Q: 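Take this structure, written in structure tokens, and hold onto it; I'll ask about it next.
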Amino acid sequence: MVVYAGQGDPRRSIELLWRASAAEKRPGPKPGLSVDAIVDAAIEVADEQGMAFSMRAVGERLGRTAMALYTYVPGKNELVDLMYDRAMAEVPTSYDLAEGWRPAVTRWAHDMWECYGRHPWVLQVSQARPVLGPHEFAVTEALAAILVSTGLPGRRLRGIVGAINYFVRGAAQTVAEARAAGGATGEADEEWWYARSAVLVEVEPDLEKKFPMLHVLENDREPIDPELPYLENDAVENFRGGLKVLLDGVEGAVAKP
């Protein structure tokens with residue numbers, strides 16, 4: 001399920017994201033709700049239910065009706081934008097460069113990875129149309145600020161920032177999908193692998209001979225966490241190892257005359 005950001009009214013959405021609206025400053029008694037309270041409740045619901053949550057569920061979390069929310073947020077489209085941007089606020093906006101750019105980028109990547117892990121629904125918000133919120137900008141600004149310290153020109157850094165962003169998001173996507181697979185299909189990972197691997201070996205006993213290089217990849221490895229399912233272990237290993245190689249490449253670009 002892919003969700004595209006920015007489907008609500010452009011002005012209202014941007015005003016809410018940047019808190020430029022005077023909606024909460026209207027005269028009269030102090031309102032019982034706020035945009036921030038609604039966004040926080042919606043994130044809680046989405047963490048539990050995924051992106052298929054309803055405005056009614058958010059209202060119930062706050063002890064209100066869905067209609068009570070529309071005074072503050074026009075609809076679910078705008079709310080998703082606000083939720084995404086609020087989730088990005090959990091990532092630090094600056095990193096210590098005392099030990100150099102590489103440890104700082106590594107920390108940024110792990111912070112993003114952990115944020116995606118806490119809020120897997122964020123990965124369903126397509127990157128094709130950015131939210132254009134302050135925290136979304138701040139996440140990229142933090143990474144760019146680290147990499148600018150390498151001395152590489154902007155035209156090189158643009159591709160590096162994009163590559164790191166896509167890499168971290170892609171690795172986190174695999175973990176999120178692996179965790180959701182059992183509930184979505186009604187079949188645990190162990191059952192799925194056991195049933196199909198047994199049949200595959202029976203149907204194609206010479207699999208290792210046909211694909212010897214894949215056997216090399218699988219033959220020399222240890223699970224990072226024996227408690228994790230196979231595919232999640234694989235994603236974590238790819239994330240750690242892939243990030244190292246990616247940053248090796250950046251180091252090479254920095255060292256190249």
Side-chain angles (χ1 to χ4, degrees), residues 84 87-120 122-128 130-131 135-179 181 189 208 210-257:
Y84 180 94
M88 293 298 101
E90 296 178 10
V91 180
T93 57
S94 64
Y95 289 82
D96 187 2
L97 295 174
E99 297 181 7
W101 64 267
R102 183 163 181 153
V105 171
T106 301
R107 184 64 259 166
W108 179 94
H110 279 269
D111 286 339
M112 286 299 300
W113 169 275
E114 291 164 7
C115 181
Y116 289 137
R118 289 190 298 271
H119 311 298
V122 164
L123 294 162
Q124 294 177 249
V125 181
S126 173
Q127 298 292 281
V131 170
H135 302 300
E136 182 185 51
F137 279 110
V139 163
T140 306
E141 176 78 5
L143 177 58
I146 299 169
L147 291 168
V148 164
S149 70
T150 64
L152 289 172
R155 63 181 180 277
R156 299 289 301 280
L157 292 177
R158 183 179 180 87
I160 293 170
V161 167
I164 294 173
N165 253 317
Y166 294 142
F167 170 76
V168 175
R169 182 182 172 95
Q173 183 89 48
T174 300
V175 172
E177 292 174 359
R179 290 175 178 174
D189 275 1
E208 291 182 5
K210 287 192 173 184
F211 303 101
M213 296 303 101
L214 295 184
H215 180 60
V216 170
L217 297 182
E218 291 296 321
N219 196 39
D220 185 22
R221 65 183 299 180
E222 293 182 4
I224 291 175
D225 184 349
E227 298 298 319
L228 293 178
Y230 170 83
L231 198 58
E232 188 168 343
N233 252 308
D234 192 57
V236 172
E237 182 180 0
N238 290 341
F239 171 66
R240 295 180 182 178
L243 181 62
K244 182 180 183 300
V245 172
L246 187 55
L247 297 186
D248 285 345
V250 179
E251 280 193 346
V254 172
K256 187 176 180 180

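None of these values were measured; they are calculated from a predicted model. Along the sequence shown, the residues carry numbers beginning at 1.
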Q: Can you name the side chain to side chain donor-acceptor pair (under 3.5 Å) partners of Lys256, sequence neighbours left out?
A: none
Q: side-chain contact (heavy atoms from CB on, under 4.5 Å) with Pro120: which residues, sequence neighbours excluded?
A: Ala176
Q: Run the side chain to side chain donor-acceptor pair (under 3.5 Å) test against Asn238 and tell me which residues pass, sequence neighbours left out.
A: Asp234
Q: Among all residues two or more places apart in sequence or in another chain, which pass the side-chain contact (heavy atoms from CB on, under 4.5 Å) test with Phe211?
A: Leu207, Leu214
Q: Suppose the criterion is salt bridge (charged side-chain N to carboxylate O under 4.0 Å, His left out): which pairs have a residue in residues 90-110, not counting sequence neighbours?
A: Glu90-Arg118, Arg102-Asp248, Arg102-Glu251, Arg107-Asp111, Arg107-Glu114
Q: With a 4.5 Å limit on heavy-atom distance, are the side chains of Arg179 and Val175 in contact?
A: yes
Q: Between Trp101 and Ser149, which heavy-atom pair has the shortest distance, and what is it?
A: CB-OG, 3.6 Å
Q: According to ring pair (Phe, Tyr, Trp, His ring centres under 6.0 Å), who are the partners of His215, at least two apart in sequence or on a separate chain?
A: none
Q: If a pair satisfies salt bridge (charged side-chain N to carboxylate O under 4.0 Å, His left out) and one of its residues is in residues 152-167, list it, with sequence neighbours excluded.
A: none
Q: Would you mind telling me which of Leu97, Val161, Thr106, Ile164 makes a side-chain contact (heavy atoms from CB on, under 4.5 Å) with Ile146?
A: Leu97
Q: Taking only residues two or more places apart in sequence or in another chain, which ones pass ring pair (Phe, Tyr, Trp, His ring centres under 6.0 Å) with Trp113?
A: Phe239
Q: Considering residues at least two apart in sequence or located in another chain, which fulfil the side-chain contact (heavy atoms from CB on, under 4.5 Å) criterion with Val148?
A: Leu157
Q: Could you state the interatomic distance from CG (Leu243) to CH2 (Trp108), rounded to the nearest 0.5 Å?
A: 10.0 Å
Q: Quick one: are Leu152 and Val254 in side-chain contact, heavy atoms under 4.5 Å?
A: yes
Q: Holding to side-chain contact (heavy atoms from CB on, under 4.5 Å), I want the full list of residues that pass it with Arg169, two or more places apart in sequence or in another chain.
A: Tyr84, Tyr116, Leu123, Gln127
Q: Glu136: what forms a salt bridge (Lys or Arg N to Asp or Glu O under 4.0 Å) with it, not counting sequence neighbours?
A: none
Q: Who passes salt bridge (Lys or Arg N to Asp or Glu O under 4.0 Å) against Glu227, sequence neighbours left out?
A: none
Q: Quick one, Asp225 with Val236, criterion side-chain contact (heavy atoms from CB on, under 4.5 Å). Give me CA distance, side-chain angles, the key distance, then yes/no.
A: CA-CA 9 Å; Asp225 184 349; Val236 172; over 6 Å; no
Q: Would you check if Leu143 and Met112 make a side-chain contact, meaning some heavy-atom pair closer than 4.5 Å?
A: no
Q: At their closest point, which heavy atom of Ala235 faces which heavy atom of Ala171, and how far apart are they?
A: CB-O, 4.1 Å
